[in-house]
Amino acid sequence: MSLPDDRDMAWPPPGAVPEAIHTWRAWYAGNPAQLASSAAPPAENKYARAFFFWRRQRQKSIVRQPPPVHVPLAAEIAQTSADLLFGEMPEIDVADAAQQRLDELTSGTGVANTLLEAAELCAAISGIYLRVSWDTAVSDMPFLTTVAADHAVPEFRYGRLQAVTFWHELPAEGREVWRHLERHEPGVILHGLYVGDKTNLGVKAALTAHPQTADLEETVALPEGIPGGMLTWYVPNMRPAHGDPGGAQGRADISGAEALLDALDEAYSSWLRDVRLGKARVIVPADALDAAATDRGSGRYFDVDREVFTELDGMSPGEMSITVYQPEIRAPEHEQTVLNLIERIVSKAGYAPQTFGLRVEGRAESGTALRLREAKTYQTLDRKRRYWNPALKAALEGMLAVDRTVFGRPTAVETPVIIWPEPRETAQELAQTLTMLRTAEAVSIETAVRRAQPDLDDEKLAAEVERIREDSGRVVSEPAF
């Protein structure tokens, strides 16, 4: 299949980008305008959609009304997911012939940062595409790039990516919309430039018509040796999607929690409304106001710093009352509601409340106890790693292949092994573990020292073991005869 040539073709094609992705991106971005138009999840009942807090804001007229408050919990969930996955870069193990070059490629092109950013967007909108790119004007080595799921038209077969068309809009003047389409098929990459409007793809133009595509070729044949025949791979956040169980694109972390996120913003906005209305007000009779001259004419005001007041003619002291009005701020009720909603949203996303600092008051626990309470978070983390593992391995192998075939370097092309980091033990946990193992005579002194001090080389390790033996009285000198 080639690039489209129908000038009246709607772009993106209907159904190519699920409507839910626009909803998830609106919650992730937190832009009030986007939330007012896209925050409500897709629903058959239009009245149910209109009932959402943010949809009601769009219908209200602007009459000196404070804007609603958005709690950026969706973005925080996505960031936490990325930190759990790639906050500590996994170890990449490959054959000795390729290890040094792969380390140079990953460190020289910032793969760790690219993966951290990709993981956040993946959790936010349901998926991300990893793509191996090269541009000799930018770098002398291949580098890893990403494309968001809402800027791609994929073709899946049995849940596996067979082809995909990426697009992004280019800077242009006037009402015309310039789009660059990049199609990946086995063995080839196709580039096309189109001039249309906001809804239609428009006519195909020469790549040289725009400076950002002027140096691209319409057809780029991939050299042999590329694993899988393509240089792009899709990473779903989690499957299945609630609205499309048979689909391959997956779901975002906040899928199914849109109503709770909407209720959270409404509850927080109500809380701050109480704060605004709870400001103390002073009510005074009109005759207690003093006259004042201003640039705009005469006016009347009340001096709140005045300490002595005199009775006014015709007004008894009882009638000259100054009332201070202080409404009640329902802080405890709002706080309980907000925390309950946050806990429900976090749980729906697949994380334990403790991961977000909830339910930790007055607790001083070991790392083991904390991990037991965060078991749900670690289960979600393991689930996501299984989706990332094959795509990440293929992408790193693809970088080695491009480095060899495109840049002509003698790079060995090997499939790497991804070793994900394990939760770190605290010093207290390590001491307890080694004490139990030594008491049960299950490990030697050397094994215990190696685990406690993994940075020691063999010589220092042997010396440390010998000192421990001497200090504990295990070394006895031979008696003198």
Q: Would you say that W27 contacts E258 through its side chain, given a criterion of any heavy-atom pair below 4.5 Å between the two side chains?
A: yes
Q: Are H180 and Y194 packed together at the side-chain level, in the sense that at least one heavy-atom pair is separated by less than 4.5 angstrom?
A: no
Q: Could you work out, with side chain to side chain contact (heavy atoms under 4.5 Å, CB included) as the rule, every residue matching E397, not counting sequence neighbours?
A: P227, V413, T415, P416
Q: For a ring-ring contact (aromatic ring centres under 6.0 Å, His included) check, start with the C-alpha distance between H151 and H168, then their side-chain angles and the critical distance, and finish with the verdict.
A: CA-CA 7 Å; H151 278 75; H168 68 278; 8.3 Å; no
Q: So do the side chains of V111 and M89 get within less than 4.5 Å of each other, counting heavy atoms only?
A: yes
Q: Would you check if V406 and D403 make a side-chain contact, meaning some heavy-atom pair closer than 4.5 Å?
A: no
Q: Side-chain polar contacts of residues 216-223 - donor-acceptor pairs under 3.5 angstrom, sequence neighbours left out - could you list them?
A:
none

Q: Residues two or more places apart in sequence or in another chain: which of them pass salt bridge (Lys or Arg N to Asp or Glu O under 4.0 Å) with R160?
A: none
Q: Using side-chain heavy atoms (C-beta onward) and a distance below 4.5 Å, is L170 in contact with T213?
A: yes
Q: Return all side-chain donor-acceptor pairs below 3.5 angstrom for residues 122-132, not counting sequence neighbours, or 'none' if the list is empty.
A:
| from | atom 1 | to | atom 2 | distance (Å) |
| --- | --- | --- | --- | --- |
| R131 | NE | T145 | OG1 | 3.0 |
| R131 | NH1 | E182 | OE1 | 3.1 |
| R131 | NH1 | E182 | OE2 | 3.3 |

Q: Residues two or more places apart in sequence or in another chain: which of them pass side-chain hydrogen bond (donor to acceptor under 3.5 Å, both in side chains) with D103?
A: Q99
Q: Name all residues meeting the salt bridge (Lys or Arg N to Asp or Glu O under 4.0 Å) criterion together with K384; count only those two or more places apart in sequence or in a different chain, and write none if there are none.
A: D253
Q: Got a sec, which residues hit side-chain hydrogen bond (donor to acceptor under 3.5 Å, both in side chains) with N31, two or more places apart in sequence or on another chain?
A: none
Q: How would you list, by chain and number, every residue that makes a salt bridge (Lys or Arg N to Asp or Glu O under 4.0 Å) with E117, sequence neighbours excluded?
A: none
Q: Restricting to side-chain hydrogen bond (donor to acceptor under 3.5 Å, both in side chains), what partner residues turn up for N389, sequence neighbours left out?
A: W420
Q: In the structure I gave you, are the side-chain heavy atoms of R251 and W24 within less than 4.5 Å of one another anywhere?
A: yes
Q: Taking atom CZ of R157 as the centre, does the number of heavy atoms from other residues, nucleotides or ligands within less than 6.0 Å exceed 12?
A: no
Q: Evaluate the ring planes of H210 and W178, with Trp represented by its six-membered ring, and classify them as parallel (under 30°), tilted (30 to 60°) or perpendicular (over 60°).
A: tilted
Q: Can you list the residues that meet the side chain to side chain contact (heavy atoms under 4.5 Å, CB included) rule with P13, with sequence neighbours excluded?
A: M9, W11, A16, V153
Q: Quick one: which residue pairs count as a salt bridge (charged side-chain N to carboxylate O under 4.0 Å, His left out) with a foot in residues 187-209, not counting sequence neighbours?
A: none
Q: If you count the non-hydrogen atoms of other residues, nucleotides and ligands that lie under 6.0 Å from CG in D382, is the total more than 12?
A: yes
Q: I want to check something: taking the side chain as every heavy atom from C-beta on, are S81 and L84 in contact at a cut-off of under 4.5 Å?
A: no
Q: Of all residues at least two apart in sequence or in a different chain, which pass the side-chain hydrogen bond (donor to acceptor under 3.5 Å, both in side chains) check with T447?
A: S444
Q: Tell me if the CZ atom of R385 is crowded by more than 12 foreign heavy atoms within 6.0 Å.
A: yes
